Amino acid sequence: MRSAAMLDRPVVTAPPLDAPLRRGPAKPKLLSVEEAKALDAQSMADLFKDHINPGQFHFMKLLGFHKVKVESAEGMFYIDQNGRKILDFFGGFGSLAFGHNHPRIIEARQRFQDEKRHEIAIAFLSQYASALAKNLAAVSPGSLDMVFLGSSGSEAMEAAVKVAERASGRKNCKIVHAENSFHGKTKGVLSITDSTLYQGEFKLVENRYKVPFGDLEALTACVESDPDIGVVVLETVQGGGGIVQASTYYWQGVRALCDKHKVMWVADEVQCGYGRTGRFYAFEHHGVVPDVTALAKSLGAGKAAVGAMIARREVYMKAYGTPKTAMIHAQATFGGIGEACVTAIEGLNVLYDEDLIGNAEEVGTYLLERLEAIRQKYPTIIKEVRGQGLMVGLEFQDFSRTLPLALRPMVAILDDKLKGSLSGFIGALLLRDYDVLVAFTEYNRNVIRLEPPLICGEEHVDQFCDALDDLLSRGIVSIVKDFVKSQMG
């Protein structure tokens with residue numbers, strides 16, 4: 001007879017005689033691919049809060065994003081669980097130049113898989129990494145022809161800053177960056193990302209100066225104040241800063257200043273590059289070439305994570321040009337991974353075969369014209385429309401400015417706390433009522449960021465602008481009421 005203690009023990013049954021002998025631990029309860037695909041919106045939300053980022057979920061819920069389960073995506077549209085087509089004017093912060101699931105990109109990746117090509121080539125040379133590097137050199141002006149491949153914009157910018165610092169020749173090299181800059185969240189480039197929120201309380205690199213963006217006089221004074229300054233790092237168009245551009249006079253001055261003082265200029269094109277502004281690189285609008293630049297986002301053609309640093313040969317060789325220094329910043333394990341490189345190679349070919357850079361310039365001009373007409377129609381709501389190509393910022397007035405004159409003085413004292421509320425209300429209602437997705441910016445929260453795929457046509461611009469016009473015609477009071485109702489429903 002079994003004792004009470006024995007009854008509490010789990011009963012262990014012997015495996016079937018023909019079962020394979022397990023040599024490792026038992027398999028935990030894991031979700032399968034099919035089970036993941038079948039998750040509903042509520043289950044997704046619960047798992048996100050439990051295992052990813054509950055604080056971020058708070059903001060997703062405010063915007064209504066938590067109710068959407070994307071089942072598929074094609075071209076300019078997401079398709080949700082209800083079959084609703086959502087026009088994508090967000091574009092993954094510029095990551096979707098080709099829209100969703102471009103057929104040529106999918107076909108190139110499928111061929112790579114079907115042929116069982118190799119992914120990791122660390123011991124051996126990779127034909128795919130070599131070909132992608134050659135293509136990046138071919139599309140880059142001047143002597144920008146030495147390439148480092150990685151997996152993200154932060155990684156590409158880390159490589160860019162490091163090669164520039166070594167090539168500067170300064171033993172105590174200091175770096176200049178701009179106010180409202182965003183260069184990534186990894187430790188090195190976080191130091192030159194101008195955000196107290198992102199920087200948190202991390203110990204940062206201290207050899208840096210900050211100057212106003214687009215102010216050549218301030219930059220000149222800074223560079224000339226300290227001979228240890230060896231690197232200037234600037235986004236050609238500030239994305240997180242609210243789609244902010246600088247003049248050709250400024251960029252030509254940057255090039256001349258850096259040449260005069262033998263300072264390396266790093267142009268961050270992670271978001272504004274790859275044809276988004278109507279040139280492959282945004283700096284090409286100004287007739288200048290930096291010493292080092294960086295790409296990511298759409299370089300992976302919406303299907304792979306690819307980042308690249310491209311440096312002038314002279315700069316690269318000065319930093320890593322000997323056998324002794326060659327491995328200081330060599331590619332990491334997944335830099336130049338096979339299928340990612342194949343994807344990027346095909347993407348560059350599609351970009352030119354389909355004239356998407358020209359399309360970005362032409363359709364971008366049409367988008368700016370339509371938005372400016374809407375701004376003139378609602379000047380108390382929209383403060384400014386700016387941008388180039390398909391990288392556009394729509395800045396709304398401070399909340400008090402949208403209200404009747406009698407109410408403005410009372411509400412004005414709350415404008416700073418209310419920053420971003422109007423853009424958030426409008427973004428949430430565009431999604432809920434008009435099936436349009438837009439993005440926001442890190443620093444100027446009053447700005448809606450528009451970075452649709454470069455395949456965008458005038459008909460998509462019309463769909464977005466008609467929706468925006470109709471929404472703004474409700475008036476601010478109705479927009480606020482509708483948003484509040486959406487939170488209560």
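Given the structure is predicted, the values throughout are model-derived calculations rather than measurements.
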Tell me whether [X] contacts the main-chain N or O of [Y] through its side chain, where contact means a donor paired with an acceptor under 3.5 Å.
X    : Y    : result
S478 : G475 : no
S140 : L136 : yes
R104 : N349 : no
T293 : I310 : no
E155 : S151 : yes
S95  : G91  : no
Q199 : L204 : no
R375 : R370 : no
S298 : A97  : yes
N101 : A73  : yes

Could you measure the distance from the [atom1] atom of [X] to the [atom2] atom of [Y]? Nearest 0.5 Å is fine.
X    : Y    : atom1 : atom2 : answer
K67  : Q81  : NZ    : CD    : 11.0 Å
E442 : T193 : CD    : OG1   : 9.5 Å
L257 : R255 : CG    : CZ    : 9.5 Å
S195 : F182 : OG    : CZ    : 8.0 Å
E362 : C456 : CD    : SG    : 11.5 Å
R208 : D194 : CZ    : CG    : 9.5 Å

V436 vs L431, side chain to side chain contact (heavy atoms under 4.5 Å, CB included): CA-CA, chis, key distance, verdict: CA-CA 5 Å; V436 173; L431 177 62; over 6 Å; no

Looking at every heavy atom in both [X] and [Y], which two are closest together, and how far apart are they?
X    : Y    : answer
D80  : V68  : CB-CG1, 4.0 Å
A340 : A305 : CB-O, 4.5 Å
A160 : V266 : CB-CG1, 3.8 Å
F280 : L295 : CE2-CD1, 3.8 Å
I243 : E451 : CD1-OE2, 4.1 Å
I476 : L422 : CD1-CD1, 3.8 Å

Using distance alone, with no hydrogens and no angle criterion, decide if [X] and [Y] have a side-chain donor and acceptor under 3.5 Å apart.
X    : Y    : result
H177 : K210 : no
Q388 : Q245 : yes
Y366 : D462 : yes
E459 : Q463 : no
T248 : H285 : no
Y434 : D466 : no
Y281 : T236 : no
N446 : Q397 : no
R449 : T441 : no

Would you mind telling me which of F464, F440, Y78 makes a ring-ring contact (aromatic ring centres under 6.0 Å, His included) with F89?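 Among the candidates, only F464 passes.
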
Tell me, yes or no, whether the heavy-atom count around [X] atom [atom1], taken from other residues, nucleotides or ligands under 6.0 Å, exceeds 12.
X    : atom1 : answer
Y249 : OH    : no
K49  : NZ    : yes
E74  : CD    : no
F59  : CZ    : no
F48  : CZ    : yes
E339 : CD    : yes

Salt bridge (charged side-chain N to carboxylate O under 4.0 Å, His left out) partners of [X], counting only residues at least two apart:
X    : value
K481 : none
E206 : K203
K61  : none
E71  : K69

For residues F77 and H100, establish whether the separation of their ring centroids is below 6.0 Å.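 Ring centres of H100 and F77 not closer than 6.0 Å.
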
Using the rule given for side chain to side chain contact (heavy atoms under 4.5 Å, CB included), can you reason through V292 versus V231, listing the C-alpha separation, both sets of side-chain angles and the distance that settles it, and then say yes or no? CA-CA 10 Å; V292 188; V231 181; over 6 Å; no

Once salt bridge (charged side-chain N to carboxylate O under 4.0 Å, His left out) is applied, what residue pairs with a partner in residues 266-289 remain, sequence neighbours excluded?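 Residue pairs passing salt bridge (charged side-chain N to carboxylate O under 4.0 Å, His left out), neighbours aside: R279-E361.
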
So that I can tick it off, tell me whether [Y] and [X] are bridged by a salt bridge, with the cut-off set at under 4.0 angstrom between side-chain N and carboxylate O.
X    : Y    : value
E34  : K37  : yes
D398 : K383 : no
D482 : R474 : yes

Side chains of [X] and [Y] in contact at under 4.5 Å (non-hydrogen atoms):
X    : Y    : value
L234 : S181 : no
L368 : V385 : yes
Q110 : I105 : no
Y250 : L219 : yes

Start with the C-alpha distance between V254 and F283, add both sets of side-chain angles, then the distance that settles side chain to side chain contact (heavy atoms under 4.5 Å, CB included), and finish with yes or no. CA-CA 11 Å; V254 169; F283 59 72; over 6 Å; no

Give the intermediate values and the outcome of side-chain hydrogen bond (donor to acceptor under 3.5 Å, both in side chains) for residues S43 and D40. CA-CA 5 Å; S43 299; D40 59 24; 2.7 Å; yes

Ring-plane angle category for F57 and H66, please: parallel below 30°, perpendicular beyond 60°, tilted otherwise.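 Perpendicular.
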
Test ring pair (Phe, Tyr, Trp, His ring centres under 6.0 Å) applied to F112 - qualifying residues, sequence neighbours left out: Y128

